[in-house]
Amino acid sequence: MLVVGYGPVGSVLSVLLAQRGWRVTVLERRRRPYTLPRATSFDGETARLLAGAGIGGELGRITEPGTGYQWRTADGRTLLDIGFTTEGRYGWPDANTMHQPALEELLAARAAELPGITVLRDSRVVDLADGPAGVTVTAEDDEGVARTFRARWVVGCDGANSFVRDRMGVSVTDLGFSYEWLLCDVELREPRAFVPTNVQLCDPARPTTLVGSGPGHRRWEFMRLPGERAAELNREETAWRLLAPFGVTPDTARLLRSTTYIFQARWADEWRAGHVLLAGDAAHLMPPFAGQGMCSGVRDVVGLAWRLDLVLRGRAADALLDTYTEERKAQVRESILASVQLGRLICVTDPAAAAERDATVLANQRGRGPGRPDPALPVTRGLLHRPEGADPDTRVPPAGEVLPHGRLLPLSGGAPLDDPVRRGFVLFAKSEAELGLTPERLSFLRDAGAEVVRLWPAGTSPDGTGDLADAVDADGVLRGFLDRYGATALLVRPDYHVFGTAAAAAGVAALVDDLRTRLTAPAPAPAGRAG
Ligand SMILES: O=C(O)/C=C/c1cccc(O)c1
């Protein structure tokens, strides 16, 4: 496996593959880790996915939970007020602010613990050729010395200006929604409270964003006004002048960086061409207003890692990788559209248009403003179970939904068990459910790396084997989820999206058989596929 790019997305992918026993070479063009922040936070579902990369124990140290996200008019009225909880649906705070270099350090340390990951810095990919058996990649160092690599699969996590994407020759859909902002990252010299953590000042005189970015760090973002020159904004004096009204001066803060950045709203139309795949910013870019850029990249590689693992182990056909583009592109498109919608409300510099926006939002408000998109969007197409007779283009809930976090306790009591979903597919079934799984179906599940976990009601202490196959659903979350859908069993994918549910033994058999069919189905027809 070869990964191009060693930002958070490339490192999470490398770790997830190495955890599954694969050798991964990473080619990174920078000589040294990039020490400046880009993303400032990740949501609770992304935190759970990052924990799956083995850094859950350390996330609390490098993050600070966000308390909320408030939008204010120029005269201080509240347009939107979203509270974040520290006990989110996915077992982590809803919003986790961070200093990105700290996250990257954590991931690099995790990668170093694992055998199988080789990170080659100062390696700029200059050529890439796909063939029937795999990909040949050439990289050059700063002196122009070239090295050639061969890999069965290559994943381009090489950012907005992705070489891999360009070489794949895929088209890009660009919504043309783009503004330039000045980003000022500061380290505060003294602790200071900001309530809520994230604020949008919807002032047409200067749309401004204030966000937390991890312990001791914050970011201010200032929109470039019509007629204002980027070169003027890019001066350090400008940053200090704009920060001063917020009490941020050289006496109170250190300016880590100030730079302008033009956000965009676009996605690659194909994320796979033959043995080459895309993830993260190489595949999509979005405005920052819902805090979903990096989170989407992490979701990409979580969805990719388990698919690649099954394909590499010969348990799934290559065609499974086409469901990656199908699912992720649809999800990311929703996140981009939602972020653009927020951006259209924020990036307003005409006072009359701003007054009209304020009046409209306030009139419609009744406690609700323009909503933050639910970060954990369901998968709506791709690798999902559809009961017999169901419309093949329609999702049947809860298929596709993201499973909430449920604490599992060992039958003998004691500390919660490690989350089994991190390791692969899991068939969760109520302890009293008749599963009727034949040895042949059980053997398919085992070969696919799937576990079967019988869920006992909270408060019970039944006799059992005491292993992971039996667990107490400590807070009733998972059994409650099953009850909501009238199900006795559910098959969840390694990315926590529900594959499907069943209400009786026949349904469980159908669920397992459908998974097998979908994993092993060959690609329909090669026509029209690049690569
Ligand atoms: O986490 C959120 O909901 C929003 C984060 C955000 C908003 C605006 C600009 C940013 O850089 C981050």
Side-chain angles (χ1 to χ4, degrees), residues 8 36-47 50 59 63-72 78-86 88-90 92-101 103 160 177-186 194-203 206-214 217-224 239 242-243 246 256-265 281 285-299 334-336 338-348 368-377:
L36 296 174
R38 285 142 286 155
T40 54
S41 65
F42 51 86
D43 59 57
E45 195 227 352
T46 303
L50 289 170
L59 280 182
T63 57
E64 212 162 60
T67 57
Y69 189 18
Q70 197 174 74
W71 293 22
R72 297 180 190 146
T78 302
L79 285 177
L80 169 74
D81 203 357
I82 300 172
F84 297 143
T85 162
T86 50
R89 179 176 166 84
Y90 304 106
W92 291 85
D94 284 342
N96 305 271
T97 74
M98 54 130 193
H99 183 53
Q100 187 175 333
L103 175 67
F177 184 76
S178 163
Y179 286 94
E180 188 162 19
W181 286 62
L182 172 70
L183 273 50
C184 302
D185 285 291
V186 307
F194 290 87
V195 183
T197 308
N198 296 346
V199 176
Q200 289 290 350
L201 300 179
C202 300
D203 179 356
R206 174 77 75 188
T208 300
T209 306
L210 292 72
V211 285
S213 67
H217 293 89
R218 275 190 83 73
R219 177 180 293 167
W220 273 259
E221 302 179 1
F222 304 98
M223 185 173 151
R224 180 162 78 80
L242 292 171
L243 288 167
F246 300 95
L256 297 179
R257 81 155 178 184
S258 67
T259 185
T260 53
Y261 153 78
I262 303 174
F263 67 68
Q264 297 175 66
D281 286 0
L285 291 173
M286 66 185 76
F289 306 112
Q292 283 299 299
M294 189 194 81
C295 298
S296 301
V298 171
R299 288 190 184 101
E334 288 307 305
S335 291
I336 293 176
S339 307
V340 166
Q341 211 186 335
L342 299 182
R344 285 196 201 289
L345 291 165
I346 291 166
C347 302
V348 176
R368 293 179 305 129
R372 183 184 200 233
D374 180 355
L377 298 176

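Sequential numbering from 1 along the given sequence is applied to the chain's residues. Note that ligands are numbered from 1 as they come in the structure, with each ligand's atoms numbered from 1 the same way.
Here is the list of ligand 1 atoms found below 4.0 Å of a heavy atom in Phe289: 7 (C), 8 (C). Listed by number with element, the atoms of ligand 1 under 4.0 Å from a non-hydrogen atom of Gln200 are 8 (C). For ligand 1, the atoms closer than 4.0 angstrom to any heavy atom of Thr209 are 8 (C), 9 (C). Interface atoms of ligand 1 facing Pro288, defined by a heavy-atom separation under 4.0 Å, are 6 (C), 7 (C), 8 (C), 9 (C), 10 (C), 11 (O), 12 (C). Counting atoms of ligand 1 from 1 in the listed order, those under 4.0 Å from a heavy atom of Tyr69 are 3 (O), 4 (C), 7 (C), 8 (C).
Taking the six-membered ring where the residue is Trp, Phe263 and Phe289 present perpendicular rings, their angle passing 60° and hence far from 30°. Ring geometry for His217 versus His99: interplanar angle under 30°, hence parallel rather than tilted (30 to 60°).
Judged by the shortest distance from any of its heavy atoms, Ser41 lies inside the 4.0 Å radius around the atoms of ligand 1. Heavy-atom distances between Gln292 and ligand 1 stay at or above 4.0 Å for every pair.
Between Glu221 and ligand 1, a contact under 3.5 Å exists for at least one N or O pair.
Within the 4.5 Å cutoff, the side chain of Arg38 has no heavy atoms near those of the Met294 side chain.
Of the heavy atoms in Asn198, only side-chain atoms (C-beta onward) come closer than 4.0 Å to ligand 1.
Side-chain atoms of Thr197 and Thr67 form a donor-acceptor pair, as typed in the model, at a separation below 3.5 Å.
In this structure Arg89 satisfies the side-chain hydrogen bond (donor to acceptor under 3.5 Å, both in side chains) test with no other residue, sequence neighbours excluded. In terms of the ring-ring contact (aromatic ring centres under 6.0 Å, His included) criterion, Tyr261 has no residue partners (sequence neighbours excluded).
Distance OG/Ser339 to CZ/Phe177: 10.0 Å, rounded to 0.5 Å.
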